[in-house]
Novice: 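Dropping the structure in here first, questions after.
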There are 2 protein chains.
Amino acid sequence: MGRGKIEIKRIENSSNRQVTYSKRKNGILKKAKEISVLCDAQVSLIIFGVSGKMHEYISPYTTLIDVLDRYQRASGKTLWDAKHENLSNEIDRLKKENDSMQIELRHLKGEDITSLNYKELMALEDALENGLSGVREKKMEVHRMFKRNVRGSRFFHWKDFGGAK
Amino acid sequence: MGRGKIEIKRIENSSNRQVTYSKRKNGILKKAKEISVLCDAQVSLIIFGVSGKMHEYISPYTTLIDVLDRYQRASGKTLWDAKHENLSNEIDRLKKENDSMQIELRHLKGEDITSLNYKELMALEDALENGLSGVREKKMEVHRMFKRNVRGSRFFHWKDFGGAK
DNA sequence: TGGGCTATGTATAAAAG
DNA sequence: TCTTTTATACATAGCCC
């Protein structure tokens, strides 16, 4: 429609795409309102543009939840349970990740190392020595900076040293 | 449109309403497809007619659940019940816990310590020294055990030393 | 209920501001 | 980039089958 016919495939020019999106979004929202008023239809329309901004229309006197409940009954698909399962899986994954980090942290702090064998202890020792040398190096660097920058210099800030003032 | 303009209010004649519903339903479904193809939009359209029959359109490469997830994030409204909200909260909590452990682990390994101040570096050094002394003590203990228990003793197992055999 | 058929109103692509 | 304009394509109300 309009000045020229276009074929229905992705609009490559992104500013054209944006303009078309904006216009058609308004158009389809209007159509959604019209059909629900004219024909007593229950409509739920949710649109995300490429920018991520959302637009929605839900028929009057109803809610998205109502529509989704009907959707589940009409389609036989379960939205809640599927969602529930996804969340549970995510939680399991996070908990496992958490546990292993927890253990690693404890080991690095010298806790709960009774069950470790000699090889593992050596690897742990290496990791700690590495960390320690990194930290000491950084400490010395900060210390050198402290000495170079007397208090009052505009490059000196107590907060860099953890001081209160 | 068509042979005469109509105003946007409920069509009282039920057979006209039904015909108009059927036509406009097809129209809006087509529009939904078009905008998602033309503009890369993510669209979810669910329609119930008076008869109760459902029609839907979801953009390709996505699912209603994905759209609803985005809807919740974008609108701040929660669709799933309290149970799901609890699960979501749990996920948030675990993610935060995860993040802070991640950071702590990195620090203990001497990574990402540029932003730490002197006080924090000292605390880190202490923690590392503690861990190291714990690990070394344990190592020596294992070593003493190794010397006491010659190979072949029924109390000796190579696995305790990380050996392959 | 569903599919043609137009005449007509709308939506909108492209251009212009 | 956004709005406005305009010519054109599209959607559809009313009608018939």
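In what follows, every heavy atom counts, from backbone to side chain, and hydrogens, waters and symmetry copies are set aside. Just so we're on the same page: letters track the sequence lines, and every chain starts at 1.
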Novice: Short question: side chain of A:Ser36, backbone of A:Ala32 - any donor-acceptor pair under 3.5 Å?
Specialist: yes

Novice: Do the charged groups of B:Lys138 and A:Glu120 touch, with an N to O distance under 4.0 Å?
Specialist: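 A:Glu120 and B:Lys138: not salt-bridged.
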
Novice: Would you mind reading off the distance between B:Arg17 atom CZ and D:dG14 atom C1', rounded to a whole angstrom?
Specialist: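 Taking CZ of B:Arg17 and C1' of D:dG14, I get 17 Å after rounding.
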
Novice: Can you tell me how far P of C:dT12 sits from CD1 of A:Ile28, to the nearest Å?
Specialist: 9 Å

Novice: So, A:Arg106 side chain and A:Glu111 main chain: donor-acceptor pair closer than 3.5 Å or not?
Specialist: no

Novice: Quickly work out the A:Arg24 CZ to C:dA14 P distance and round it to whole Å.
Specialist: 10 Å

Novice: For each nucleotide in nucleotides 1-10 of chain C, reading 5' to 3', give B when a protein heavy atom comes within less than 4.0 Å of its base, S when such contact involves only the sugar-phosphate, and - otherwise.
Specialist: S----BBBSS

Novice: Once you round it to whole Å, what is the distance between P of D:dG14 and CG of A:Leu38?
Specialist: 10 Å

Novice: Tell me: CD1 of A:Ile8 to C1' of D:dA11, nearest whole Å?
Specialist: 14 Å

Novice: If every non-hydrogen atom of A:Tyr21 is compared with every non-hydrogen atom of A:Phe48, which pair is closest and at what distance?
Specialist: OH-C, 3.7 Å

Novice: Within this structure, what is the NZ-to-C1' distance between A:Lys25 and C:dT12, rounded to whole angstrom?
Specialist: 14 Å

Novice: I'd like to know if the side chain of A:Ser44 and the backbone of A:Ile58 have a donor-acceptor N/O pair within less than 3.5 Å.
Specialist: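 Checking the backbone N and O of A:Ile58 against the side chain of A:Ser44, no donor-acceptor pair under 3.5 Å is found.
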
Novice: How large an angle, rounded to 10°, do the end axes of the helix from C:dG2-D:dC17 to C:dG17-D:dC2 enclose when each is built from five base pairs?
Specialist: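 Rounded value for the end-axis angle: 30°.
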
Novice: Pairs under 3.5 angstrom only: tabulate donor-acceptor contacts from the side chains of residues 84-93 of chain A to other protein residues two or more places apart or in another chain.
Specialist:
unit_1	atom_1	unit_2	atom_2	d
A:Ser88	OG	A:His84	O	3.1
A:Asn89	ND2	A:Glu85	O	3.4
A:Arg93	NH1	A:Glu97	OE1	2.9

Novice: Step through the shown structure and confirm whether more than 12 heavy atoms of other residues, nucleotides or ligands are within 6.0 Å of CD on A:Glu137.
Specialist: no

Novice: Rounded to the Å, how far apart are A:Glu7 CD and C:dT12 C1'?
Specialist: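 Rounded to the whole Å, the gap is 17 Å.
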
Novice: Main chain of A:Glu12, side chain of A:Asn16: is a donor-acceptor contact present, judged purely on distance under 3.5 Å?
Specialist: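 No, the answer is negative, given that no donor and acceptor are paired below the 3.5 Å cut-off.
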
